Amino acid sequence: MSTDDPTVLLISDRDDQSRELGNWIGRVCSCRNIALDEPPARANAVAAVVTDVAFRGAAGIARLRSLLAPYRAAATPIMAVLRDNSHYEQVQAVALGASSVLPATASSVEICRAVAAALGADIPAAPANAAASAAQHAEQARLEFHTIFRAATCGEAFTRAEVENATDAVIEAVADGGIRRWLDIVWTYDNGTYQHCMLVTGLAAEFAKSLGLSANDQERLVRGALLHDLGKAKIPLQILNKQGRLDPAELTIMRTHPGIGHEILCGQGSYEPEILEVVLRHHELLDGSGYPDGLSGSQIGDLVRLTTICDIYAALIERRPYKQPMPPTRAFDILHDMGGKLEAALVRAFTRVAESSAAPAAA
Ligand SMILES: [Fe+2]
Ligand SMILES: [Fe+2]
């Protein structure tokens, strides 16, 4: 890319400096990510500014206002990505000089397209080679997941960066190729645990997208899904891979995996409480019939409820050499018939995911 190429300045207050969004914008033109406390770039070197900042706290807002001042003066397009869609956030965005405002539900791809349109650049959609791109991201996710799961099996450390890389790769694979292509890739995995975990993770990415969750919430849900069965790393393989029903003693051992996963993750550094809750609670059911603690109703958090739906659906549609695959439509009927065990509104919302997973992948 030559030095004459337009540069987009991406100002972020997120821990990861909006890395995934920066990667997407980087497909259109060069993108420089800065935090609120970093010096701005020269105004004449910047073709557009994107802010991914929560408009909270007088000091932060004042800092952002001063960062944006030279770009406002130069009439550089300023695009503000809202953190929520409240009236307050919209008013703040305009007051800070945003020339366009993008809703909190906008995906990285949609924001990237808005940037491309503002620059009059080619819109990078979707990748003409969506299938190849999805396959490449899927392979990256599989390798990262292998590293994480193997470390958990051996009692070794894995890094948060590895978890985030795997999460981002799944989100990008599903964005590039769609959920059905993701399923087609993952169904080829021989390792049943990897297949299951990757199915749940891809379904969570698609579910988050269809619910219009913000990029942050989407990543949290997908991260929780990726790690939900981490405790299976310590379950004996003869139980984990047994064909057919587990006997009561085996079932008791298998049912220790949420607690084991929770313990492993607590020992691996700082993970959000919601993610720890997903790992520990993803087999709890709203009517109290789940395990390990028979929790019910409001004792079960939102992220857990979403993950549990993806988990059950994934278990139904997984493909193993020794059993007939269940059609996604039949799997959704079973999910629907679980009544008060799952949140009915979320199961209804999952219909779109189930329909997409039943449709053949686009050529
Ligand atoms: Fe599980
Ligand atoms: Fe699971």
Side-chain angles (χ1 to χ4, degrees), residues 1-127 168 171-172 175-176 212-219:
M1 198 167 273
S2 82
T3 51
D4 293 334
D5 283 325
T7 294
V8 168
L9 184 68
L10 172 57
I11 304 172
S12 171
D13 66 349
R14 294 188 187 273
D15 291 344
D16 69 349
Q17 295 220 331
S18 307
R19 190 184 49 211
E20 189 215 346
L21 176 57
N23 289 342
W24 271 100
I25 295 172
R27 297 182 184 194
V28 177
C29 61
S30 68
C31 178
R32 181 173 166 213
N33 297 43
I34 65 166
L36 274 178
D37 56 0
E38 288 184 64
R42 277 183 303 110
N44 63 2
V46 170
V49 180
V50 177
T51 70
D52 186 8
V53 174
F55 302 137
R56 283 187 222 110
I61 291 174
R63 174 64 192 149
L64 184 57
R65 180 174 291 114
S66 111
L67 264 182
L68 293 175
Y71 308 110
R72 273 200 310 272
T76 306
I78 297 173
M79 282 166 268
V81 182
L82 302 184
R83 203 53 63 79
D84 63 59
N85 292 331
S86 63
H87 181 64
Y88 168 80
E89 284 251 332
Q90 296 187 31
V91 168
Q92 276 295 350
V94 173
L96 285 164
S99 46
S100 59
V101 176
L102 295 155
T105 49
S107 66
S108 296
V109 183
E110 288 162 343
I111 297 167
C112 177
R113 287 182 186 157
V115 170
L119 297 178
D122 290 336
I123 296 177
D168 290 349
I171 291 172
E172 292 205 30
D176 281 351
L213 299 188
S214 67
N216 202 26
D217 286 342
Q218 185 180 355
E219 284 189 11

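For the numbers below, each heavy atom of this structure counts, side chains included, while hydrogens, waters and symmetry mates do not. These figures come from a predicted structure and were not determined experimentally.
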Work out which heavy atom in [X] is nearest to a heavy atom in [Y]; give both atom names and the distance.
X	Y	answer
Ser100	Met79	OG-CG, 2.8 Å
Ala98	Ala80	CB-CB, 3.8 Å
Val81	Pro103	CG1-O, 4.4 Å
Ala47	Leu119	CB-CD2, 3.5 Å
Val8	Cys29	CG2-SG, 3.5 Å
Ala45	Thr7	O-CB, 3.5 Å

What distance separates [X] [atom1] from [Y] [atom2], expressed to the nearest 0.5 Å?
X	Y	atom1	atom2	value
Leu102	Leu82	CG	CG	7.5 Å
Arg56	Glu89	CZ	CD	7.0 Å
Leu36	Ser12	CG	OG	8.0 Å
Ile34	Ser18	CD1	OG	11.5 Å

Task: Residue pair Asp84 / Ser86, side-chain donor-acceptor N/O under 3.5 Å - done: yes
Open item on the list: Can a donor-acceptor pair be found, under 3.5 Å and without considering hydrogens, that links the side chain of Tyr71 to the backbone of Gly97?
Closed with: no
Open item on the list: I'd like to know whether Arg14 forms a side-chain contact (heavy atoms from CB on, under 4.5 Å) with Asp52, so could you lay out the CA-CA distance, the side-chain angles of the two residues, the decisive distance to 0.1 Å, and finally the verdict.
Closed with: CA-CA 8 Å; Arg14 294 188 187 273; Asp52 186 8; 2.8 Å; yes
Task: All side-chain contact (heavy atoms from CB on, under 4.5 Å) counterparts of Arg72, not counting sequence neighbours - done: Arg65, Leu68, Ala69, Ile78
Task: Residue pair Leu67 / Val49, side-chain heavy-atom distance below 4.5 Å - done: no
Open item on the list: One thing to verify: whether Arg83 and Asp13 come together as a salt bridge, which I'm taking to mean a side-chain N less than 4.0 angstrom from a carboxylate O.
Closed with: yes
TODO: With sequence neighbours left out, write down each residue that passes side chain to side chain donor-acceptor pair (under 3.5 Å) with Asp168, or none if nothing qualifies.
DONE: Arg19
- [ ] With sequence neighbours excluded, tell me which residues meet side chain to side chain donor-acceptor pair (under 3.5 Å) with Glu172.
- [x] Arg27, His137
Open item on the list: Name the residue from Ile11, Val46, Leu9 that meets the side chain to side chain contact (heavy atoms under 4.5 Å, CB included) definition with Arg32.
Closed with: Leu9
